[in-house]
Amino acid sequence: VWTDDAETALAARQFYDLGLDVPIIGSTSISTPQVNELCQPEWLDNWYSCTDFTTSNDSEIVQNFVKSFNTKYGEDPELYAVTYYSAIYLLKDAIERAGSLDSAAIRDALAATDGLQVPIGTYKANEMREMVHGGTICKMVDGKAEFLEYVLVKD
């Protein structure tokens with residue numbers, strides 16, 4: 001199931017009502033607070049999410065980010081908060097490595113990114129200058145995304 005938030009909640013309700021009892025693998029939306037607020041926890045039993053982020057990831061960098069975010073804003077971060085934070089941190093790192101605000105130097109530093117760890121994952125620039133990172137696999141348990149594994153992108 002690869003859908004947006006509202007459609008994920010609708011599918012979860014329909015699958016549950018129909019008694020479909022098979023593992024469901026789907027998009028990031030399954031593990032977001034927005035979808036979980038639209039669903040009863042039992043609708044998502046046996047669902048798995050391939051996502052970019054979950055607060056239940058016990059890595060030190062994720063837990064430090066979750067704690068800092070919660071301290072500042074009074075709630076846990078969701079996917080979009082960590083995505084934007086990680087993107088800005090990626091740019092900051094490239095500017096520092098470039099040692100300049102020259103756009104060509106920053107571009108070259110971004111293209112040389114390899115193994116930068118940020119809360120969303122470990123970034124590496126590929127040969128097409130795309131910033132790629134691994135993915136997080138979660139299982140839904142009692143309406144919450146439970147971290148299972150981080151899958152790192154390989155060459």
Side-chain angles (χ1 to χ4, degrees), residues 1-94 107 110-111 113-155:
V1 176
W2 211 268
T3 65
D4 292 319
D5 297 353
E7 291 82 1
T8 297
L10 179 61
R13 170 77 186 263
Q14 290 174 339
F15 290 2
Y16 179 80
D17 287 349
L18 291 170
L20 185 62
D21 189 22
V22 297
I24 307 291
I25 301 169
S27 65
T28 296
S29 64
I30 295 165
S31 60
T32 62
Q34 298 90 314
V35 168
N36 287 281
E37 290 171 7
L38 297 172
C39 295
Q40 297 298 314
E42 62 271 14
W43 298 354
L44 297 172
D45 284 347
N46 215 16
W47 283 58
Y48 295 82
S49 173
C50 177
T51 186
D52 297 294
F53 176 78
T54 181
T55 58
S56 65
N57 181 335
D58 60 2
S59 80
E60 185 177 351
I61 195 166
V62 169
Q63 288 308 305
N64 287 341
F65 178 75
V66 170
K67 183 179 177 184
S68 294
F69 190 93
N70 197 301
T71 298
K72 184 163 184 154
Y73 300 106
E75 62 186 14
D76 285 345
E78 43 74 61
L79 176 63
Y80 301 110
V82 75
T83 299
Y84 299 133
Y85 174 87
S86 295
I88 293 299
Y89 195 89
L90 176 66
L91 182 58
K92 172 191 172 287
D93 174 73
R107 179 200 61 218
L110 283 168
T113 301
D114 188 4
L116 178 66
Q117 293 183 345
V118 293
I120 205 165
T122 303
Y123 274 106
K124 174 182 176 69
N126 67 15
E127 64 280 350
M128 295 174 51
R129 297 187 197 161
E130 298 167 324
M131 289 297 160
V132 294
H133 61 83
T136 298
I137 308 301
C138 300
K139 180 178 183 179
M140 297 306 295
V141 177
D142 296 326
K144 304 281 185 209
E146 181 179 287
F147 174 81
L148 294 179
E149 183 175 357
Y150 181 76
V151 181
L152 191 59
V153 174
K154 303 284 183 185
D155 286 335

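- Using modelled atom types, one side-chain atom of Ser49 and one backbone atom of Ser27 make a donor-acceptor pair closer than 3.5 Å.
- Between the Ser56 side chain and the Ala145 main chain, a donor and an acceptor come within less than 3.5 Å of each other.
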- request: Kindly indicate, with the supporting measurements, whether the criterion side chain to side chain contact (heavy atoms under 4.5 Å, CB included) is fulfilled by Tyr73 and Thr71.
  value: CA-CA 6 Å; Tyr73 300 106; Thr71 298; over 6 Å; no

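- Sparse packing is recorded around CD of Glu60, with 12 or fewer heavy atoms of other residues, nucleotides or ligands lying under 6.0 Å away.
- Of all the heavy atoms in Ile120 and Val82, the pair that sits closest is N-CG2, 3.9 Å.
- Remark: Arg129 CZ to Thr113 OG1 distance equals 12.0 Å, nearest 0.5 Å.
- For Glu78 (side chain) and Ala81 (main-chain N/O), a donor-acceptor pair under 3.5 Å exists by modelled atom type.
- Shortest non-hydrogen contact noted between Thr136 and Asp52 is OG1-O, 3.7 Å.
- Between Leu79 atom CG and Thr51 atom OG1 the span is 5.5 Å, to the nearest 0.5 Å.
- The OH atom of Tyr48 sits 8.0 Å away from atom CD1 of Ile25, with the distance rounded to the nearest 0.5 Å.
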- prompt: So Phe15 and Val1, side chain to side chain contact (heavy atoms under 4.5 Å, CB included) or not? Walk me through it.
  reply: CA-CA 11 Å; Phe15 290 2; Val1 176; 3.6 Å; yes

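- In this structure, Leu116 CG and His133 NE2 are separated by 11.5 Å, a value rounded to the nearest 0.5 Å.
- Side-chain atoms of Tyr150 come within 3.5 Å of backbone atoms of Thr122 as a donor-acceptor pair (strictly under, hydrogens ignored).
- Closest heavy-atom contact between Val151 and Ile137: CG2-CG1, 4.1 Å.
- Rounded to the nearest 0.5 Å, atoms OG (Ser59) and CG (Asn64) are 8.5 Å apart.
- Proximity of a side-chain donor or acceptor of Tyr123 to a complementary backbone N or O of Val118 within less than 3.5 Å is not detected.
- What you find for Met140 and Ser31 is that their closest heavy atoms are SD-CA, 4.0 Å.
- Note: Tyr85 and Phe65 have tilted aromatic rings, judged against thresholds of 30 and 60 degrees for the angle between ring planes.
- Across all non-hydrogen atoms, the minimal contact from Ala9 to Leu38 is CB-CB, 3.7 Å.
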field: Stepwise side chain to side chain contact (heavy atoms under 4.5 Å, CB included) test for Val35 and Ile30
entry: CA-CA 6 Å; Val35 168; Ile30 295 165; 5.8 Å; no

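- Arg13 CZ: 12 or fewer foreign heavy atoms inside a 6.0 Å radius.
- Considering only heavy atoms from C-beta on, Pro77 stays 4.5 Å or farther from Tyr84 through its side chain.
- Inspection of the Thr3 and Thr8 side chains reveals an N or O donor paired with an N or O acceptor under 3.5 Å.
- Nearest approach of Leu110 to Met131, heavy atoms of both residues: O-CE, 2.8 Å.
- The distance from atom NZ of Lys67 to atom CG of Asp76, rounded to the nearest 0.5 Å, is 13.0 Å.
- In this structure the side chain of Tyr80 never reaches within 4.5 angstrom of the side chain of Thr32, judged on heavy atoms.
- Judged purely by atom type and a 3.5 angstrom limit, Gln63 uses its side chain to pair as donor or acceptor with the backbone of Asn57.
- Shown here is Asp21, whose CG atom has no more than 12 heavy atoms of other residues, nucleotides or ligands within 6.0 Å.
- Ring geometry, Tyr16 versus Trp43: the interplanar angle falls from 30° to 60°, so the pair is classed tilted.
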